[in-house]
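Structure first, commentary second.
Please read all numbers here as calculations on a predicted model, not as lab measurements.
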Amino acid sequence: MSFFKRALISIWQRKGRTSLFLGLFLVVFLLILSGFAIQQSAEKSKVDARKQLGAEVRLKRDNDKIKEAILSGKSSITPLSKETVDQISNLPQVKSTLITGETSAAKSGFKSVEPEEAAGTDSMSPSMPGIDPNREVPAFKLFGTNDLLKTADFKNRNAKLIEGEAITDKTPANSAVVEETFAKNNQLKLDDTFKIKGFSLDGEEKEQQYKVIGIYKSEKEVSALERMYEMAQPENKIYVDFNTFLKTSEQASIDDATFYLNDPLQVDDFVKDAETKLPTESNFFKLDAYTEQYEQMIGPFEKMAAFSSIMIKVIVVAGGLILTFLSLLSIRDRKKEVGILLSLGETKVRVILQLVAEILLIGIISFGLSLAIVETTGQSISNMMLSKQAQDAGPITQEDEYGQEEAATIEPVDKMKLEVNKIVISQAASLGFLLIIITTLVPSIIIARTDPKDLFAQKE
């Protein structure tokens, strides 16, 4: 009789022992599969988190450095040069670049939207030390950009283009997109031209002529404080092409640059390359790749992956000890059987193969059962763990275009899809069956090396 057939008969006759090993193997395989699946899914979720934040990197003012410079007595801040932005834009990871800047403009004879709180009374104006009180105060905000539809108001749907075309990299110089109310109040329509003078602290304003290429409608809600100032009214905001914007006044410069990358996974490499392009001295700008938000998002995943790694190690050690102990007890009870087989001329190798085959067959059945239920049980475990980790992590915050912290539109991740792929199955199978073979082989060899007469003389 072949050792394999004897293994099948032994499994069927020893139903209690078979059930015990089946239950134990099922738990071991289930936990090992869950551990590897959680690790794989956590890594994939980290990539998804990076993609959710987007392939965007902002070059914005470093407020901490600016405060230090002001406190140290520095009267002016070196602006970000267009050449620096162009050098970074030419890096291979960059797909497109958004450049923005803001400055103010005098009324220049145009009708503006007055503040609601000041309508019919004295309009409130910001105090400007050192400026001639008889000088015309700024009433309009000039916003220079090379991509209108990617600016904050349009991106957040606080403004929409209703006529004409948007400003892009290919827009000719001296182009402007004005608000609907501003256009009506000043009898402007598409293709009309108007002149407006930028406001400069040094008094050297430059009047520029613009052609209306588009009209937008603002739906932005302003705060109570903003409603008190004329220049803060959304209707008084004029978008102009960036190259002409830089000629408006000495204060017109790049406030912010956003680089859109080809792939979200290129963010780290891009930041390293871009930092080499920034000036080493008098640099008051920094690259923001939403690193804090990313680390906050992946924190729960990393904790889950670490926990699953510990779980796998504990299961291997504890399961190995338990399996070795049970295998030893089981084989010790079968000393007489082993002795008879050896006395009948069966080789020790075939006896060992029979003992190992019995355990492997039970293991295969257990592994199949664990594969059938791991997604359900593992998914419940991972969701419960991730939900708790997400609650402990707290809300995700980010800075708005003015550097103020605000609640992020990114939803905190409290669920993770558990995927049991070929890699997970192969890892779990390799580790699980290796554990079974080693823990069964060791006591089997010990018994098989004993003299057949001694084994036969012992009672079950």
Expected output: side-chain S112 to main-chain E114 donor-acceptor under 3.5 Å
no
Between CG of L369 and CG of L22, what distance do you get to the nearest 0.5 Å?
6.0 Å
salt_bridge(E207, K247) N-O dist < 4.0 Å
no
Might you point out which heavy atoms bring D147 and L98 nearest each other, and give the distance in Å?
O-CD1, 3.4 Å
Contact check, side chains of I88 and T84, non-hydrogen atoms, under 4.5 Å
yes
Note, I215 side chain near E179 side chain (heavy atom, < 4.5 Å)
no
Which atom pair, heavy atoms only, marks the closest approach of S249 to T103?
OG-OG1, 3.6 Å
What is the minimum heavy-atom distance between A428 and L33, and which atoms define it?
CB-CD2, 3.4 Å
Assess whether side chain to side chain contact (heavy atoms under 4.5 Å, CB included) is satisfied between I196 and F194, documenting all intermediate values.
CA-CA 7 Å; I196 195 166; F194 66 94; 4.2 Å; yes
Would K150 pass as a cation-pi partner of Y260, given that its NZ or CZ must be under 6.0 Å from the six-membered ring centre and within 45 degrees of the axis?
yes
With distance as the sole test, does N146 use its side chain to make a donor-acceptor pair with the main-chain N or O of T97 at under 3.5 Å?
yes
For I66 and R61: C-alpha separation, side-chain torsions, deciding distance, then whether side chain to side chain contact (heavy atoms under 4.5 Å, CB included) applies.
CA-CA 8 Å; I66 293 175; R61 286 192 174 97; 3.8 Å; yes
So, is the end of the K237 side chain (NZ or CZ) under 6.0 Å from the ring centre of F143 and within 45° of the ring's axis?
yes
E83 CD to S89 OG distance, which is reported to the nearest 0.5 Å:
11.5 Å
Does D191 reach the side chain of K211, with side-chain heavy atoms less than 4.5 Å apart?
yes
For a quick test of reading the model, state the closest non-hydrogen atom pair linking K82 to N243 and the distance between them.
CE-OD1, 4.2 Å
Working for side chain to side chain contact (heavy atoms under 4.5 Å, CB included), residues V316 and L431:
CA-CA 8 Å; V316 169; L431 182 60; 3.6 Å; yes
State, yes or no, whether a side-chain contact exists between L80 and D255 at a heavy-atom distance under 4.5 Å.
no
Once you round to the nearest 0.5 Å, how far does CG of L287 lie from CG of L278?
5.0 Å
Nearest-0.5 Å distance, CG of residue L26 to OG of residue S370:
6.0 Å
Under 6.0 Å between ring centres: does that hold for F433 and F29?
yes
Checking D62 side chain against D64 main chain: does a donor-acceptor pair fall under 3.5 Å?
yes
Examine distances only and state if a side-chain atom of D192 and a backbone atom of L188 form a donor-acceptor pair shorter than 3.5 Å.
no
K67 atom NZ, neighbour heavy-atom count above 12 within 6.0 Å
no
Just by distance, do the side chain of D256 and the backbone of K60 share a donor-acceptor pair under 3.5 Å?
no
Heavy atoms, side chains only, cut-off 4.5 Å: are Y210 and V240 in contact?
yes
Quick check on the 6.0 Å ring-centre criterion: do F367 and F25 meet it?
no
Side chains of K184 and E180: closer than 4.5 Å at any heavy-atom pair?
yes
Do T18 and I362 come within less than 4.5 Å of each other through their side chains, counting heavy atoms only?
yes
Could you walk me through whether K277 and D273 pass the salt bridge (charged side-chain N to carboxylate O under 4.0 Å, His left out) test, one step at a time?
CA-CA 7 Å; K277 307 295 182 182; D273 294 340; over 6 Å; no
Is the backbone N or O of Y229 less than 3.5 Å from a side-chain atom of Q233, with the two atoms forming a donor-acceptor pair by type?
yes
Donor-acceptor pair, side chain of N185 and main chain of F110, under 3.5 angstrom
no
Stepwise, does the side-chain hydrogen bond (donor to acceptor under 3.5 Å, both in side chains) test hold for T244 with D241?
CA-CA 6 Å; T244 309; D241 69 277; 2.7 Å; yes
Assess whether atom CD1 of I423 is packed by more than 12 heavy atoms of other residues, nucleotides or ligands within 6.0 Å.
no
Between the side chain of T171 and the main-chain N/O of T168, is any donor-acceptor distance below 3.5 Å?
yes
Is the side chain of S430 donor-acceptor paired with the backbone N or O of Q427 at a distance under 3.5 Å, no angle test?
no
Given side chains that start at C-beta, do those of E230 and K107 come closer than 4.5 Å, heavy atoms only?
yes
What one should report as the nearest heavy-atom pair of V374 and S34 is CG2-OG, 3.6 Å
Minimal heavy-atom distance between V424 and Q40, with the atoms involved, is CG2-CG, 3.4 Å
Spatial distance of atom CD (E163) from atom CG (L190) [nearest 0.5 Å]:
5.0 Å
So, S309 side chain and A305 main chain: donor-acceptor pair closer than 3.5 Å or not?
no
Would you please test K313 and V317 for side chain to side chain contact (heavy atoms under 4.5 Å, CB included) and show each step?
CA-CA 6 Å; K313 293 175 183 177; V317 175; 5.5 Å; no
What's the verdict on salt bridge (charged side-chain N to carboxylate O under 4.0 Å, His left out) for R17 and E358, showing C-alpha distance, side-chain angles and the deciding distance?
CA-CA 11 Å; R17 169 182 167 275; E358 291 177 16; 3.2 Å; yes
Could you give the distance from OH (Y239) to NZ (K141), rounded to the nearest 0.5 Å?
9.0 Å
